[in-house]
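Input: a single structure, listed below in structure tokens.
Computed over heavy atoms, backbone and side chain alike; hydrogens, waters and symmetry mates excluded. Protein chains get the first letters and strands the later ones, always in sequence-line order, with residue 1 at the start of each.
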Amino acid sequence: MKRKWEARLKQIEERASHYEREPLSLVYRPRLSKPEEPPSIWKLFHRQTQAFNFVKSCKEDVHVFALEYKVGDGQHIYLVTTYTQLWFYYKSRNLLHCYEVIPENAVCKLYFDLEFNRLANPGADGKKMVALLIEHVCRALQQFYRVSCSAEDVLNLDSSTNEKFSRHLIFQLHDVAFKDNIHVGNFVRKMLEPAFHLIASEDDDMTPETMGHEFSHFSETPVKQGISFSKKSTDKDMGESWTTNSKKLERLGSAKQSSPDLSFLIVKNNVGEKHLFVDLGVYTRNRNFRLYKSSKIGKYVPLEVAEDNKFYPVQSENISKENQYFLSALVSNVRFSDTLRILTCDMSQNKRVKNFNHTSTSVETIEGFQCSPYPEIDQFVLLLVNKNGIKGGIRRWNYFFPEELLVYDICKYRWCENIGRAHKSNNIMILVDLKNEVWYQKCHDPICKAENFKSDCFPLPAEVRLLFLLKEEEEFTTDETRDSETKNPHEPSSSASSKGTFSDADWDNGIDDAYILEATEDAELAEAAENSLLGYNGIDEIPDELIIEVLQE
DNA sequence: CAGCGCTACCACACCCC
DNA sequence: GGTGTGGTAGCG
């Protein structure tokens, strides 16, 4: 929401200064458009937001490209045109320093930027490393999403110099794409996680085994590039859900022993620090990604099809081979089809583990949107907030480890026991106490909050209690024997098991209302952005059946 | 007239021992 | 010395 607000503010300021410089003409001069003109779209903008606004106003399939135009400070101007028209001018070498702007929230391909300094890595065999990486990526795609592919589906572009080995890989998956490049980044970081362990363990002069265990406790990521991740599940069919938590990471740690050796990915930069061969800085919003046959300004090293490229586009009569490569290299050029599957890999939603220091008391929570790791309890809560024709929903949930308390923020349903009617503008919460097997209601209304209102406790239905007990027992009986095999997907980020891990901390036993406020107060801010959040979740734009979630082995 | 989106890093405040 | 925060230079 903050981002959007800032962007809007900037836009308004720009518009204001524009009108100051060029006031509107006092005379109205009507103009007729000429329908006989071919639909030619070629518009340049100084500002990215203006370019995107123009794209939105166009009914043609236009895209934003960035052109480098000043040597040194890498300044860009933004071009809006169609792929066809761009290729028409581009192929005759009129534009040399062109970048695709991968729009935020746009479905896109899996892509990689790979590089290492040759001098700092005299023994490194770039081609071999690329081949091994592709193998690993294909394995990960198969494991996480059941997507099959091979090196023949990877457009491999080279931009190397004597000093630097440099490649772009663009995966040409069949009827499969990622929801956006942020999700691609999450997937890439997740897939490369064993390599982070390697860097961290070597840096700290620790064995991978001890590191694996150490990592089970991290909540702030100790590794430079960041390794935290998690997933959210909304897909009923898969019904699988896991979150980053101690137990999970411990299992990852042990699973790592059987995971492939990623040490080939570790390279040194020009000052001898260890880094990954894979550049993780290319998965940001509106990332500029260099086009096929473009070079950075000031350099004359365009991206060309690599010697060891194994992707050959299907030949067609009306599209040249070069044009095919050009189109294949465009990350956000995803061909739509009825069977297109959209892959997601979330990390921001379930993950946040809060440390709350309060006179030597710390509390761990996990949080997420829409469905908690307890689908049965979600269903029960939904039942509670669907009454008298009002269709309430779960906007978000929080789980407090020590108290085993699930806090649901409810939307649309606002009935409050305290006032005996629905609130007009404030939302309510349903709290499910798993320890005492009861539920009660609180709310966000300032008056109710001031008097610390909490409804009577009601027992949880027998089915829910029973399910929870069964799960807990299963968890205890199988924990020791289980290594990397699949954990009960409905197990939340480990009520029972995490207590052992975190038991060093001494916390209050009773749930303090301050914690609930801490966990829910920003929900009120988030409320205004609720629609955009839903949009971001893809519910508005992408039909549910097209979304498949991360499948964890 | 005019880029964008970060993250690594630093300075500083605050707390605890 | 550990931890959180806020601002920014500079990288991709």
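Side-chain N/O atoms of A:Y292 and A:S328 include no donor and acceptor closer than 3.5 Å.
Nucleotide B:dC4 holds its P atom 18 Å from the CD atom of A:E100, rounded to whole Å. Straight-line distance from the NZ atom of A:K70 to the P atom of B:dC4: 13 Å, rounded to whole Å. One interatomic measurement links the two molecules: CG of A:N181 to C1' of B:dC4, which rounds to 13 Å at whole-angstrom precision. Note: CG (A:L67) to C1' (B:dA2) measures 15 Å, nearest angstrom. Rounded to a whole Å, the CZ atom of A:F52 is 13 Å from the C1' atom of B:dG5. For A:I182 and B:dG5, the CD1 to C1' distance is 10 Å, given to the nearest whole Å. Note: CG (A:D279) to C1' (B:dC6) measures 12 Å, nearest angstrom. Taking atom CD1 on A:I102 and atom P on B:dC4, their separation rounds to 17 Å, with Å as the unit.
Remark: A:F88 engages A:K91 in a side chain to side chain contact (heavy atoms under 4.5 Å, CB included) (not counting sequence neighbours). A search for ring pair (Phe, Tyr, Trp, His ring centres under 6.0 Å) contacts involving A:H63 returns A:Y83, not counting sequence neighbours. Residues passing the side chain to side chain contact (heavy atoms under 4.5 Å, CB included) test with A:S159 are A:S166, A:R290, A:V301, A:L303, sequence neighbours excluded. A:C149 is linked by a side chain to side chain contact (heavy atoms under 4.5 Å, CB included) to A:C138, A:L141, A:D153, A:F171, A:L173, counting only residues two or more places apart in sequence or in another chain. Shown here are the side chain to side chain contact (heavy atoms under 4.5 Å, CB included) partners of A:R93, two or more places apart in sequence or in another chain: A:L96, A:K293. With sequence neighbours left out, A:F289 forms a ring pair (Phe, Tyr, Trp, His ring centres under 6.0 Å) with A:Y111, A:H168.
Side-chain atoms of A:E100 come within 3.5 Å of backbone N or O of A:V331 as a donor-acceptor pair.
A:Q48 has no side-chain polar atom (N or O) that falls below the 4.0 Å cut-off from OP1 or OP2 of B:dA2. Distances shorter than 4.0 Å separate none of the side-chain N or O atoms of A:R47 from OP1 or OP2 on B:dC1.
Comparing B:dG5, B:dG3, B:dA2 against the side chain of A:Y78 picks out B:dG3 as the nearest. Among B:dG5, B:dG3, C:dG12, the nucleotide with an atom closest to any side-chain atom of A:Q75 is B:dG3.
Every pair passing salt bridge (Lys or Arg N to Asp or Glu O under 4.0 Å) that includes a residue from residues 112-131 of chain A is listed here, sequence neighbours excluded: A:E115-A:K164, A:K127-A:E307.
A gap of 27 Å separates the P atoms of B:dC1 and C:dC11, to the nearest Å.
Taking a 4.0 Å limit (strictly below) on heavy-atom distances, residues 286-295 of chain A reaches DNA chain B at A:N286, A:N288.
Overall bending of the helix from B:dC4-C:dG12 to B:dC15-C:dG1, expressed as the angle between end axes built from five pairs apiece, is 0° (10° steps).
Residue ring and base: A:H76 does not count as stacked with B:dG3 (centre distance below 5.5 Å and interplanar angle below 30° not both satisfied).
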